[in-house]
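Report on the structure given below.
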Protein chains: 2
Amino acid sequence: MANVTLVDVARLAGVSVSTASRALSASPRISLPTAERVRQAAADLGYQPNLQARALSEQRTGNIGLLIANPVGSSVQSDEFFLAVLDGASRAIEKSGLTLVVSTSDGKYGGPGTLPAMVSRQRVDAVIAGGIPMEDAFVRALAHCGLPVVFIGRYLSGEYLNTVTPDNPESGRIAVKYLLDLGHRSIAVLSGALEINTFQDRFRGAESAIRESPVGAQMLPLFFDAFDEPGGYEMVRRLLTREGRLPTAILGLTDWLALGAMRALLEAGLDVPRDVSVMGLSDIAPAAVSAPPLSTVRVPATSLGGLAARLVLDLRAGEVEGPVRIIVPPHLVVRASCATPGRS
Amino acid sequence: MANVTLVDVARLAGVSVSTASRALSASPRISLPTAERVRQAAADLGYQPNLQARALSEQRTGNIGLLIANPVGSSVQSDEFFLAVLDGASRAIEKSGLTLVVSTSDGKYGGPGTLPAMVSRQRVDAVIAGGIPMEDAFVRALAHCGLPVVFIGRYLSGEYLNTVTPDNPESGRIAVKYLLDLGHRSIAVLSGALEINTFQDRFRGAESAIRESPVGAQMLPLFFDAFDEPGGYEMVRRLLTREGRLPTAILGLTDWLALGAMRALLEAGLDVPRDVSVMGLSDIAPAAVSAPPLSTVRVPATSLGGLAARLVLDLRAGEVEGPVRIIVPPHLVVRASCATPGRS
DNA sequence: TTGTAGGCGTTATCAA
DNA sequence: TTGATAACGCCTACAA
């Protein structure tokens with residue numbers, strides 16, 4: 001039953017190929033009885049259209065590319081984040097009968113002609129691109145490749161791209177507000193480099209929450225190149241060795257940063273949350289099972305994938321003009337790593 | 001430069017299309033000068049073959065499917081495991097000019113005709129399937145779909161399938177041997193259900209290491225349906241409430257199991273590794289940063305993906321007959337969660 | 001409403 | 001060694 005073609009269907013239904021084609025594509029210029037007869041024949045034969053042939057004829061592949069710029073082992077961003085994105089995208093794309101083509105990429109731009117193979121070899125109609133380590137030049141090149149491109153969690157200031165991003169400023173704000181509400185007035189914020197706009201946005205959100213708060217509060221910003229667990233650990237190690245009072249709360253702009261911070265604190269004999277509260281941002285799996293479980297702000301990865309897929313599908317179909325920006329709201333996840341300060 | 005076809009190349013080189021085709025496919029029956037001329041023309045024009053057309057002509061798609069049966073949020077198996085597999089597969093497949101098509105799947109078999117869309121719609125030439133929650137019936141149906149299929153980490157006893165699996169018995173053995181060498185003589189083993197052959201194999205390996213050891217040692221097997229972090233936690237909670245001496249070491253047949261065990265131990269005021277040693281199996285990211293960092297046995301996920309891809313490519317090319325079983329060796333990763341017993 | 005014919009870009013067969 | 005020519009399976013004017 002593998003090689004049933006439209007010719008077979010047409011023959012069985014006693015019509016020509018073109019009629020069969022029209023009947024199956026629900027074209028208007030067809031009589032109801034013939035349409036029904038063709039559909040029946042197709043069903044009986046177990047006909048499946050050859051998508052390669054259709055692609056050739058329709059001048060488009062029916063493939064949507066997903067580019068994952070997330071070198072394994074970098075732990076730069078949670079791996080589960082991308083698997084969730086992939087899951088969301090996969091469902092949405094399959095539902096509309098298209099195919100998801102995936103490629104990992106280093107996200108680096110090595111001059112003209114260095115576009116991902118799926119793009120340069122014309123294997124896809126549109127692409128979804130995600131991953132923090134994408135270089136600006138790479139993003140720019142990709143954005144102008146001639147295909148609809150939707151970026152997840154990444155944008156270029158001053159350029160209009162199709163993007164689906166978590167509301168990063170809001171997530172920073174939510175985190176700080178929560179700490180403020182608990183009564184903290186001295187909060188350290190652990191961030192990756194501000195060149196990465198995810199951090200810039202989260203940081204600004206955190207900052208604005210402090211600024212706009214009626215209660216006076218102090219923020220101690222700390223930056224580091226590595227925004228993974230060891231990075232958070234290292235930052236807090238340094239924090240511990242310096243003079244003066246410790247902040248009563250530490251916010252990691254990434255769960256891994258927060259987890260690293262917690263490790264350093266615990267190792268120094270401090271109690272979390274009694275001595276210092278620790279707050280994360282992302283809600284990756286380890287956050288739920290750390291000791292103590294990490295309070296954090298959840299970024300909905302599966303939604304991001306699904307939304308990006310639907311957007312890119314609309315763009316491909318020409319039903320949406322673009323550029324489009326979709327912003328997905330985060331929400332607070334309270335666990336056990338934060339408490340009211342000052343009981344030490 | 002998008003729509004340069006072979007016709008354009010042929011015209012520029014002053015030859016016919018068929019000659020151009022042969023020249024570029026490095027066919028033997030071609031003169032060196034013409035071949036060179038054609039190649040030059042192709043390069044000048046930035047020619048990229050239309051793979052849809054090629055697929056149509058060659059009667060195969062040039063797509064390799066990757067099926068990921070790993071419902072997000074189940075934390076059944078580490079997500080990063082599959083992202084690593086994907087990364088390995090993606091690299092290998094792109095290197096040979098083919099395309100990776102990915103689909104998430106629930107791994108359930110709902111009767112005939114329930115094969116994944118990528119298979120039933122003939123979008124791929126071969127498939128790689130991975131994921132623990134795959135049902136036996138699903139595996140069987142997939143294995144007989146008529147395409148070459150390689151399973152990662154999954155097999156059916158009594159059936160010959162193409163598989164790429166970590167050496168599960170060996171990993172169990174390595175873990176237990178390490179504990180034995182440290183001097184432990186009473187080891188609890190935390191396992192998921194033995195119906196899942198991954199656990200059966202790991203468990204048997206652990207068992208055999210105990211049995212074959214010249215020193216007498218006792219093993220306390222514990223089983224549970226959930227093999228995630230809460231599962232490990234729960235098992236050790238129960239272990240702690242019962243009579244008698246505690247084992248001096250606990251082996252989780254999954255890192256998450258071990259991490260859960262560690263949490264229960266720490267919560268009960270016990271010290272790891274002074275009071276009880278804890279050992280994992282997998283080496284997922286959180287293992288490296290738990291407190292204390294988890295000693296474990298590493299399962300090389302990226303290699304699994306790469307090997308599966310190369311195997312499925314060979315199968316597709318008919319260069320390998322099959323069924324083929326590839327077994328990948330694990331290795332010990334020593335961190336800080338295990339120590340010599342009896343100093344409590 | 002239906003059928004005929006041409007084209008999408010490749011590869012493969014068969015003469016020349 | 002090369003060049004017509006015919007598939008591959010589908011879609012879509014255009015004609016009937």
Side-chain angles (χ1 to χ4, degrees), chain A residues 1-39 41-42 45-63 97-99 120-125 317, chain B residues 1-39 41-42 45-63 97-99 120-125 317:
Chain A
M1 73 158 68
N3 291 323
V4 182
T5 78
L6 203 50
V7 180
D8 302 317
V9 175
R11 189 167 350 172
L12 181 62
V15 297
S16 75
V17 225
S18 49
T19 305
S21 171
R22 261 169 283 156
L24 293 176
S25 62
S27 164
R29 296 124 72 88
I30 202 89
S31 77
L32 211 67
T34 21
E36 190 45 47
R37 204 142 36 91
V38 172
R39 265 193 285 271
L45 262 35
Y47 168 73
Q48 293 285 34
N50 180 320
L51 299 179
Q52 325 296 321
R54 178 179 289 174
L56 191 56
S57 169
E58 284 188 338
Q59 301 279 56
R60 54 184 192 175
T61 65
N63 293 159
L98 303 198
T99 302
S120 64
R121 308 204 65 179
Q122 311 162 220
R123 300 235 56 171
V124 295
D125 299 335
Chain B
M1 70 160 70
N3 292 322
V4 181
T5 78
L6 205 49
V7 180
D8 302 318
V9 175
R11 189 167 347 171
L12 182 61
V15 296
S16 76
V17 220
S18 42
T19 305
S21 173
R22 260 168 287 155
L24 293 177
S25 63
S27 164
R29 296 125 73 91
I30 199 88
S31 78
L32 211 66
T34 23
E36 191 42 50
R37 204 143 36 91
V38 172
R39 265 194 285 272
L45 262 34
Y47 167 74
Q48 294 285 35
N50 181 320
L51 300 180
Q52 325 295 322
R54 177 178 291 173
L56 191 57
S57 172
E58 285 188 339
Q59 302 278 58
R60 54 185 193 174
T61 66
N63 293 158
L98 301 199
T99 302
S120 64
R121 310 205 64 180
Q122 311 162 220
R123 301 233 55 170
V124 297
D125 299 335

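Every value quoted in this text rests on a predicted model; they were computed, and no experiment measured them.
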Please name all residues satisfying side-chain contact (heavy atoms from CB on, under 4.5 Å) with [X], sequence neighbours left out, ordered by chain then number.
X	answer
B/Q59	none
A/T61	A/N63, A/D125, B/Q52
B/L56	A/N50, A/A53, A/L56

How bent is the helix from C/dT1-D/dA16 to C/dA16-D/dT1, comparing axes over its five end pairs at each side, to the nearest 10°? 40°

Extract from the structure each pairing of a protein N or O with an N or O of nucleotides 9-13 of chain C at less than 3.5 Å, listing the distance.
| from | atom 1 | to | atom 2 | distance (Å) |
| --- | --- | --- | --- | --- |
| C/dG9 | N2 | B/A53 | O | 3.4 |
| C/dT10 | OP1 | B/Y47 | OH | 2.7 |
| C/dT10 | OP1 | B/N50 | N | 3.0 |
| C/dT10 | OP2 | B/L6 | N | 2.6 |
| C/dT10 | O5' | B/Y47 | OH | 3.2 |
| C/dT10 | O2 | B/S57 | OG | 3.3 |
| C/dT11 | OP1 | B/R54 | NE | 2.9 |
| C/dT11 | OP1 | B/R54 | NH2 | 3.2 |
| C/dT11 | OP2 | B/S21 | OG | 2.8 |
| C/dT11 | O4' | B/S57 | OG | 2.7 |

Applying side-chain hydrogen bond (donor to acceptor under 3.5 Å, both in side chains), can you list everything that pairs with A/T34, at least two apart in sequence or on another chain?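 Scan of A/T34 (side-chain hydrogen bond (donor to acceptor under 3.5 Å, both in side chains), adjacent residues dropped) gives A/S31.
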
side-chain hydrogen bond (donor to acceptor under 3.5 Å, both in side chains) partners of B/S120, counting only residues at least two apart: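 Partners of B/S120 by the side-chain hydrogen bond (donor to acceptor under 3.5 Å, both in side chains) criterion come out as none, since no residue qualifies.
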
Send over the distance from [X] [atom1] to [N] [atom2], rounded to a whole Å.
X	N	atom1	atom2	value
A/R37	C/dT1	CZ	C1'	12 Å
A/R60	D/dC10	CZ	C1'	14 Å
B/Q122	D/dC8	CD	C1'	13 Å

Between C/dG3, D/dT2, C/dT2, spot the one nearest the side chain of A/T34, thanks. C/dT2

With sequence neighbours left out, write down each residue that passes salt bridge (charged side-chain N to carboxylate O under 4.0 Å, His left out) with B/E36, or none if nothing qualifies. B/R39

Would you please name every residue forming a salt bridge (charged side-chain N to carboxylate O under 4.0 Å, His left out) with B/R11, sequence neighbours left out? B/D8

CZ on A/R54 to OG on A/S21, rounded to 0.5 Å: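 That separation rounds to 8.0 Å.
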
